[in-house]
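We use all heavy atoms of the structure for the numbers below, so side chains are in, but hydrogens, waters and symmetry mates are not. Along the sequence shown, the residues carry numbers beginning at 1.
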Amino acid sequence: MSEVRLHAENAYVAPNAEQLARAKDIVGRFAQRWDKPDADSLRDLMHPDTQNLIPPMAHPGDREAVVEHFRGVLKMLPDLRIQVVRWAPTGDAVMIEWKATATVAGQPLSWTGVDRFNVRGDRMYEARVYWDTRGLAERMAIAAAQKAGPAASA
């Protein structure tokens with residue numbers, strides 16, 4: 001077996017029973033919060049000193065920076081919802097594949113992404129979020145241009 005393959009196979013760390021229980025709990029709370037999101041309700045998912053990086057943030061933010069980030073997002077996309085598609089634990093980390101939906105310029109849009117976060121106790125202490133930011137930005141721009149009509153593109 002090649003060294004590269006062996007390294008990749010050994011990168012998986014199975015969660016212990018306590019980590020799996022914590023993962024199930026936080027995934028369930030994540031799903032509840034994003035079913036009817038309110039930026040302040042996301043606070044209890046994170047330790048105060050968490051370091052989360054969410055596009056388009058340039059640097060990871062602590063809990064209050066993340067809450068403020070989502071205040072802005074929800075102001076622009078008040079009907080934003082995120083549904084858990086599937087998830088998997090590995091050690092103290094959880095990966096959630098999700099589908100987001102929102103109305104942009106009167107048009108429904110959806111996109112998929114992945115959250116990867118590490119859990120300590122019942123809260124995340126580090127997270128990274130991934131999705132096709134360029135593709136979404138282009139689709140949002142098209143929706144806005146269509147709403148504005150032909151005069152806007154002249």
Gap between atom [atom2] of [Y] and atom [atom1] of [X] - 0.5 Å precision:
X: R120; Y: D49; atom1: CZ; atom2: CG; result: 5.5 Å
X: T112; Y: Q83; atom1: OG1; atom2: CD; result: 12.0 Å
X: Q107; Y: I142; atom1: CD; atom2: CD1; result: 9.0 Å
X: T133; Y: I54; atom1: OG1; atom2: CD1; result: 13.5 Å
X: K99; Y: S110; atom1: NZ; atom2: OG; result: 4.5 Å
X: D115; Y: I82; atom1: CG; atom2: CD1; result: 7.0 Å

Which heavy atom of [X] sits nearest to which heavy atom of [Y], and what is that distance?
X: P89; Y: A23; result: CB-CB, 4.1 Å
X: R33; Y: L42; result: CB-CD2, 3.6 Å
X: V84; Y: W87; result: CG1-CD1, 4.3 Å

List in chain and number order the residues that pass side chain to side chain contact (heavy atoms under 4.5 Å, CB included) with [X], two or more places apart in sequence or in another chain; answer none if no residue qualifies.
X: R71; value: A39, D40, R43, V67, E68
X: N10; value: L6
X: P37; value: W34, L74, R81

Heavy-atom distance under 4.5 Å between the side chains of [X] and [Y], does that happen here?
X: N52; Y: H69; result: no
X: F30; Y: V94; result: no
X: T50; Y: F117; result: no
X: V73; Y: L80; result: yes

Might you confirm whether atom CD of E9 has over 12 heavy atoms from other residues, nucleotides or ligands at distances under 6.0 Å?
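Enclosed.
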
Any residue meeting salt bridge (Lys or Arg N to Asp or Glu O under 4.0 Å) with R22, in chain and number order, not counting sequence neighbours:
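R22 satisfies salt bridge (Lys or Arg N to Asp or Glu O under 4.0 Å) with E18 only.
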
State which residues pass salt bridge (Lys or Arg N to Asp or Glu O under 4.0 Å) with R139; sequence neighbours excluded, sorted by chain then number.
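Partners of R139 by the salt bridge (Lys or Arg N to Asp or Glu O under 4.0 Å) criterion come out as none, since no residue qualifies.
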
When the side chains of residues 124-131 are checked against the rest of the protein, which donor-acceptor pairs come out under 3.5 Å, sequence neighbours left out?
unit_1: Y125; atom_1: OH; unit_2: D92; atom_2: OD2; d: 2.5
unit_1: E126; atom_1: OE1; unit_2: R116; atom_2: NH1; d: 3.4
unit_1: R128; atom_1: NH1; unit_2: Q51; atom_2: O; d: 3.2

For D44, is there any backbone N or O sitting under 3.5 Å from a side-chain donor or acceptor partner on R29?
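Between the backbone of D44 and the side chain of R29 there is a qualifying donor-acceptor contact (under 3.5 Å).
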
Under a 3.5 Å distance rule, please check whether T90 uses its side chain to pair with a backbone N or O of A93 as donor and acceptor.
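Not a single qualifying donor-acceptor pair exists.
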
Does the side chain of W111 pick up a donor-acceptor pair with the side chain of D132 at under 3.5 Å?
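Side-chain D/A pair, W111 to D132: absent.
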
